[in-house]
Amino acid sequence: MTHCILVVDDEEALRELATMCLEDLGGWQVISAGSGVEGLKQAETQSVDAILLDVSMPNMDGFECYEKLKANPVTQTIPIVLLTAKVLPSDRTRFAQMEIAGVVTKPFDPTQICQQIAQFLNWEP
Amino acid sequence: MTFPQNEVRFEQLSTASPSVIYSIEEYPGRPARFDYLSPAFEEIYEIPVAKAMENAAIAFDTFHPDDLSGYQQAVIRSAKTMQPLQHEWRIITPSGKIKWVQANSRPERRQEGVLVWHGVMLDITDRKQTEAALRESEATKKQILKAIPDLIFWMSADGICLDSMPSNDAFQLFPDSGRVGKNLYTVLPPDLAEMRRQAVEKALQTGDVQVYEQRIMLHGGFYYEEVRVVGVGDDRVLVIVRNITSRKQAEIALQESEERFRSAFQDAPIGMALIGLDDRWLKVNPVLCNMFEYSEAELLTTRMFTMVHPEDRSILQQYIEQYLGQSQTKDKKATQVELRYQCKGGQIIWVRLNLSVVRDAQRHPSYYVAQIQDITQEHAVNRMKDEFISIVSHELRTPLTAIQGFLGLLNTGIYTNNPEKTQRMLKLAMDNGDRLVRLVNDILDLERLSSGKVQLAMTTCNASELMQQAVDSIHSIADQAAVTLAVVPTKAQVWAASDSIIQTLTNLLSNAIKFSPPQTTVTLSVQTQTDSVLFQVRDRGRGIPADKLESIFGRFQQVDVSDSRQKGGTGLGLAICQSIVQQHGGNIWVESTLGEGSTFYFTLPTPDP
């Protein structure tokens with residue numbers, strides 16, 4: 001059975017890049033959302049196995065989106081992988097306190113990202 | 001009284017007298033012989049009277065060897081002159097005691113050249129011992145006085161120097177030669193002489209030692225003396241003058257050093273305090289009081305710990321424990337800690353605290369010396385820097401991720417047979433490359449401008465030329481967006497670096513075009529003011545919310561972050577404009593009505609007439 005991943009990123013180019021990587025190299029099914037609000041809607045209404053969530057987004061950022069996902073009984077069990085360019089020690093401290101499967105930092109190697117995510121989620125490669 | 005009665009009376013007196021009453025005969029060429037010896041002889045000489053009467057030599061044998069010849073000479077002199085003999089000598093009694101004896105006698109010449117001395121002999125040992133002791137004590141006193149490094153002299157009640165200890169000139173400011181006999185008013189300056197006179201008077205009146213200090217101008221410098229005046233008898237005083245210049249100088253130096261320290265503490269430009277081990281403020285300086293908004297009195301009744309932000313108290317506790325622990329054996333250099341404190345008004349400030357411990361002779365901590373610096377501002381700047389770095393990092397990483405990602409995907413070779421997707425990926429990579437270049441340029445521009453390293457080359461410029469050049473450089477973009485650019489003609493001149501003002505105008509025009517609906521006009525005009533020229537860039541775009549009117553000039557402070565993606569901006573354009581205008585000594589601001597459009601204004605100085 002093919003895994004379905006929800007990609008939430010406000011950057012169109014990065015959304016497309018992630019989609020291509022996960023679909024064309026990982027063979028997974030991808031749903032994408034251009035904002036936190038849209039991401040919440042997709043997560044609630046679509047059946048997704050994991051969420052690749054960008055942290056820096058306008059209006060509702062990744063942190064807020066995460067809180068809302070965890071607060072909603074429908075979405076709280078979906079594993080989350082953060083996608084971020086935040087690399088300061090204070091950011092890492094914050095990530096460590098979150099219930100997430102893992103963090104992918106930008107820029108990422110497109111040929112490695114699928115293995116990376118699969119490892120975080122304990123999926124068969 | 002009859003003769004026999006006299007005889008008896010003499011006998012009684014002679015027996016009772018503690019002095020030896022004697023008569024001694026001398027014939028030339030024969031040993032001397034006692035004619036009479038009273039009983040006291042035996043007590044002094046420890047020789048029975050009868051024995052001595054029998055043989056006078058026994059008495060002469062008691063003579064101290066050093067004193068015999070002196071006695072003999074005195075006897076010869078007395079015999080020659082027939083003057084009374086008065087002599088003192090020592091005897092050594094049979095029991096070995098040394099006694100002093102004094103004889104007073106008168107010579108009497110008899111027939112055949114016989115001489116008889118009648119007289120009394122006294123045991124003067126006690127008197128002699130007392131005299132010796134007195135002499136010794138006098139000598140000791142003299143030696144002691146000599147050893148005292150003070151000037152010592154005696155003075156009469158009316159201020160005449162009577163006598164002076166001769167030594168110790170080396171310690172004195174005035175050598176004592178010629179002091180004796182002089183009045184103090186001729187030796188001392190009038191004020192010091194008067195002071196001395198009063199001390200003499202008081203010493204004689206009260207019998208108490210008078211002590212005072214005097215300062216003397218000598219050899220072009222000040223010297224200090226301590227003067228003690230002691231009454232001796234009714235009309236004399238002993239004056240002891242000590243040179244205390246070095247002590248006084250040390251005192252003054254100490255005072256000055258204390259004053260300097262006090263002022264260093266009091267006037268230090270950072271907060272300084274002494275803090276007790278019970279964490280009470282012991283001493284605080286004005287900067288510290290201002291920092292915490294407390295008066296000194298209020299602060300001194302407050303404990304330091306209670307002022308620390310509750311979340312930071314454990315940090316301070318740990319810091320103190322660690323510091324004290326480390327310095328148990330060897331004092332480490334004071335380290336520092338950054339903490340939040342609560343001011344009197346409840347405001348929270350960040351401070352940098354440096355503690356060092358002051359220890360007593362047994363190395364036990366006594367109190368702390370603290371330096372406390374308000375770093376609230378610094379903290380804010382650091383936080384802004386962190387945020388800026390975080391944003392820049394994000395802004396740079398996003399296009400990089402896209403470029404690297406798409407090229408990496410293409411490199412896998414799986415899209416060889418998919419030219420459409422390949423084309424799309426290349427375009428996205430190229431767009432992000434452009435975005436990266438713009439971003440790097442803007443960051444460098446801004447950095448260069450705000451670091452102040454670039455001195456703008458100002459000249460007199462025609463405002464209309466600046467506007468026209470900006471319009472020319474951006475014309476193609478306006479055409480693409482179907483926006484018209486209008487320049488209102490002007491003769492105004494400004495004092496400016498033309499390139500940077502063209503860049504400013506271009507940035508403002510480019511923003512205006514981005515947010516203008518097609519078929520609208522962006523107007524560029526100037527207005528001459530008293531000593532400046534006001535530039536205006538007006539658009540008919542969507543407008544800017546009131547709460548963003550100021551913040552949009554900050555770095556990466558777009559009204560909507562997604563604007564930078566859609567409109568191709570970097571989020572630094574207005575920050576660069578502001579930096580340029582400010583370097584010209586001008587101001588930049590915006591007025592806007594939502595849905596109607598915005599007008600950006602900035603001022604530039606006019607050239608000096």
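Everything quoted here is computed from the prediction, not taken from an experiment. In the text below, chain A, chain B and the rest are named by the order of the sequence lines, each starting its count at 1.
The distance from the OG1 atom of B:Thr398 to the CG atom of A:Asp10 is 8.0 Å, given to the nearest 0.5 Å. Taking OG1 of B:Thr401 as the reference point, atom CD of A:Glu11 lies at 9.0 Å (rounded to 0.5 Å). The OG1 atom of A:Thr105 sits 6.5 Å away from atom CZ of B:Arg397, with the distance rounded to the nearest 0.5 Å. The distance from the CG atom of B:Leu410 to the CE atom of A:Met20 is 8.5 Å, given to the nearest 0.5 Å.
Salt bridge status for A:Glu16 with B:Lys421: absent, with no side-chain N to carboxylate O gap under 4.0 Å. With respect to B:Glu395 and A:Lys106, no salt bridge is recorded, no charged nitrogen being found less than 4.0 Å from a carboxylate O.
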Fill in: Criterion side chain to side chain contact (heavy atoms under 4.5 Å, CB included) on B:Gln404 and A:Phe108, from CA distance to verdict
CA-CA 8 Å; B:Gln404 207 182 25; A:Phe108 54 82; over 6 Å; no
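No more than 12 heavy atoms of other residues, nucleotides or ligands sit less than 6.0 Å from atom CE of B:Met384. Around the CD atom of A:Gln46, the shell of radius 6.0 Å holds more than 12 heavy atoms that belong to other residues, nucleotides or ligands. The number of heavy-atom neighbours closer than 6.0 Å to CD of B:Gln318, taken from other residues, nucleotides and ligands shown, is 12 or below. Sparse packing is recorded around CZ of A:Arg94, with 12 or fewer heavy atoms of other residues, nucleotides or ligands lying under 6.0 Å away. Atom CD of A:Gln76 has more than 12 neighbouring heavy atoms from other residues, nucleotides or ligands inside a 6.0 Å radius. Applying the 6.0 Å contact sphere to CD of A:Gln119 captures no more than 12 heavy atoms from other residues, nucleotides or ligands.
With a 4.5 Å cut-off on non-hydrogen atoms, A:Leu14 touches chain B through its side chain but not through its backbone.
Put simply, the residue from B:Ile414, B:Leu409, B:Asn418 that forms a side-chain contact (heavy atoms from CB on, under 4.5 Å) with A:Asp24 is B:Ile414.
In terms of heavy atoms, A:Ala13 sits closest to B:Ala402 at CB-CB, 4.3 Å.
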